[in-house]
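Contents: one structure, followed by commentary.
Computed from a prediction, not measured in an experiment: that's the story for all the values here.
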Amino acid sequence: MAMWMSFTGHIMWVSVQIWIAFLLITLCTTIYGLFRRRWLMQKLTANFDDCGLKTSFIWGNSKCYPSANTKEYLDKVNQVFGRMTNYGRDWIGPFLCNIQVVSPEYIKIVFANSDSKDSLFNNILRPWTGDAINFTEGAKWKRLRRLFTPFFQTSILKQYIKIYVDSTEIFLDKISDTKGRSVDVFGYVKRLTLDIAYKYMYSYESNCQLNEENDYIKAHNTFLEIYMERLTFPPYLFEPIFHLSPSGFKWRRCLRVMLKKPKEEIKKRRLKFKEMEDHGHSEHSEEENRDFLDMLFHARDKNGEGLTDQEICDEVANVMHAGYHNISVAISWCLYNFGRFPDYQRKCYEEVQQLFEEKGNTKLEWDDLKSLPFTTMFIKESLRFHAPVPAILRKLLQDVTFPDGTVLPKGTSVVVSPLATHHHPLYWENPEVFDPYRFLPERSKDRHSYAYIPFSGGPRNCLGKNLAMNEVKVAIAMTVHRFQIDVDPDKTPEWSQRIILTSLNGIHLKFYPR
């Protein structure tokens, strides 16, 4: 018995030694890989512009930036990009280095390679968006792109106009209750775009505009704050550390709230379709009058295969963020620019008023949208000046050669900043001047197509850009027709980046009935 115990103990001790050796080898291999990656990036970017940033081994350039979610942080980012001619570099901690590209010609080359989102930021957002189309690559991305492109054709987008109009009327009634007081319009617009997104996503009447408190909006706001915290605090990039942190607990709570509704609606719709199939019926065989969730359930690839419930949930989360938050930012900044520039506001009002007089009613319809050329130029200039997505992230899937001969190898992380490019004096005349007329055809014909990229560009451009433009156009046309809009001179917005361009102190405006 004693001999057996001794033998067993010996085996256990050998097993422990093997495991310790395995862990040490894994650790050494990981450390070697990280340091080799750092050495390769240092060698690659030795002649790159640091834009005056001091680099430390532990923090990289992170300590050169103010705290995230502050105006000072965004000012510093714009200053860094503004000093570049074509591209530069930015270290995040000791081992992660982003190549920052600002030149339209260089941006075109990056976008033309169907590059995926950067894997670091993929991993941060994956618990929320999963493998949605914006976060996939290769064959899966191509499959999803082919599946979803028909969702944004004219016959589908037409049916959303009534949703935009009906929801905007509720928004305007709520604005009317402010009676000329200074209000943070961002909150009102968020509830408007959430209401619209619920309707075209699920055919769901949420009545969310009637209640200022909304769990989804609060969770989404907190989620974006923590996202920026992770990007600017390198220890939080390591999942075990972040998971056990107070921010990690709040992050997971936000995820549960944001994913609750999609999961509930998918479950209900799946049961409904099963019941229809059991009775030998198929719901909505025609294309019209389908909501987005319905189209996701009916989508089939060339092999006749549809989407799993998890794939549908990923896409719903992705579209909800873009359809709710990105569009709310675009509308809010448009309304703010109305207040800043009364002459342009009056021009838009006169254009909408003339359209309604010619129609004989004040109901916007699909065919009316092409009859608002100045309003369209105003929106484009607002999207240039206040680009809703300040940074676009890519990871190269193949070697890329820039015009100056620089070769970026496969796997390099690249950051493109629409906000910086839109404000760069090399690519725009008087970029700090708000001028809708710069989008007249005669002034746009010689402009580089990648100097203006509010919806990204290349093969991975935004599928929903026409949907977004239509929604923004309806919202601001109806608003400027009903109200005169003034800024609050005591509450100037302080720009802040939380994936999208928002304001730390809100966007305060005053609305006066016409």
Side-chain angles (χ1 to χ4, degrees), residues 37 40-53 55 60-62 64-65 73-93 96-122 134-135 137 231-232 383-385 387-428 431 447-462 497 499-501:
R37 176 179 179 174
L40 289 172
M41 289 305 299
Q42 284 180 316
K43 182 179 179 181
L44 170 68
T45 63
N47 298 320
F48 280 32
D49 188 358
D50 279 328
C51 302
L53 298 177
T55 304
N61 301 127
S62 298
C64 299
Y65 295 96
Y73 171 81
L74 197 58
D75 287 343
K76 184 66 175 181
V77 171
N78 288 335
Q79 176 190 341
V80 169
F81 274 90
R83 291 182 59 173
M84 298 177 194
T85 302
N86 293 316
Y87 54 84
R89 69 176 181 181
D90 185 26
W91 285 93
I92 304 175
L96 298 174
C97 181
N98 286 326
I99 307 302
Q100 300 168 315
V101 180
V102 70
S103 161
E105 187 59 34
Y106 288 60
I107 291 171
K108 179 181 179 180
I109 293 169
V110 171
F111 283 169
N113 288 279
S114 298
D115 306 317
S116 69
K117 300 283 184 177
D118 182 271
S119 59
L120 166 65
F121 306 99
N122 255 3
N134 284 359
F135 302 90
E137 58 191 54
L231 293 186
T232 54
L383 293 175
R384 181 195 71 84
F385 205 91
V389 181
I392 299 171
L393 313 170
R394 292 288 185 265
K395 186 172 183 178
L396 301 184
L397 299 179
Q398 57 190 0
D399 293 353
V400 167
T401 302
F402 282 158
D404 65 357
T406 299
V407 178
L408 298 184
K410 175 182 176 180
T412 302
S413 296
V414 181
V415 178
V416 173
S417 173
L419 189 65
T421 300
H422 290 178
H423 286 261
H424 205 295
L426 287 178
Y427 315 119
W428 294 87
R447 184 179 303 132
H448 197 294
S449 58
Y450 285 80
Y452 181 68
I453 47 173
F455 299 104
S456 186
R460 298 184 71 99
N461 68 341
C462 177
Q497 179 177 342
I499 302 183
I500 45 78
L501 181 67

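- Counting heavy atoms from C-beta outward, F402 and V110 have side chains that approach closer than 4.5 Å.
- Atom OG1 of residue T406 and atom OH of residue Y106 lie 6.5 Å apart, to the nearest 0.5 angstrom.
- Considering NZ of K108 and OG of S449, their distance stands at 5.5 Å, rounded to 0.5 Å.
- Of all heavy-atom pairs between L396 and P409, the closest is CD1-O, 4.0 Å.
- The minimum heavy-atom distance linking S417 with P390 is given by the pair OG-O, 2.9 Å.
- Closest approach of A112 to P459, counting heavy atoms only: CA-CD, 4.1 Å.
- For the atom pair E137 CD and R460 CZ, the distance stands at 7.5 Å (nearest 0.5 Å).
- Here T401 contributes atom OG1 and I109 contributes atom CD1; the two are 8.5 Å apart, rounded to the nearest 0.5 Å.
- Of the possible donor and acceptor atoms, none in the side chain of H422 sits under 3.5 Å from a partner among the backbone N and O of P431.
- Residues F385 and H423 are in side-chain contact: their nearest non-hydrogen atoms beyond the backbone lie under 4.5 Å apart.
- Residues L383 and Y452 are in side-chain contact: their nearest non-hydrogen atoms beyond the backbone lie under 4.5 Å apart.
- The shortest non-hydrogen separation linking V102 to I107 is O-CD1, 3.7 Å.
- Put simply, CZ on R384 and CG on L419 are 9.5 Å apart, with the number rounded to the nearest 0.5 Å.
- No donor-acceptor pair closer than 3.5 Å links the side chain of T421 to the backbone N or O of P418.
- The aromatic rings of H448 and Y450 lie perpendicular to each other, with more than 60° between the two planes, well past the 30° mark.
- In terms of heavy-atom proximity, A391 sits nearest to V415 at CB-CG1, 4.2 Å.
- The CH2 atom of W428 sits 4.0 Å away from atom CZ of R447, with the distance rounded to the nearest 0.5 Å.
- Scored by the side chain to side chain donor-acceptor pair (under 3.5 Å) test, D399 finds no partners at all (sequence neighbours excluded).
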Next on the checklist: Walk me through whether R394 and S456 qualify under side-chain contact (heavy atoms from CB on, under 4.5 Å).
Outcome noted: CA-CA 11 Å; R394 292 288 185 265; S456 186; 3.4 Å; yes
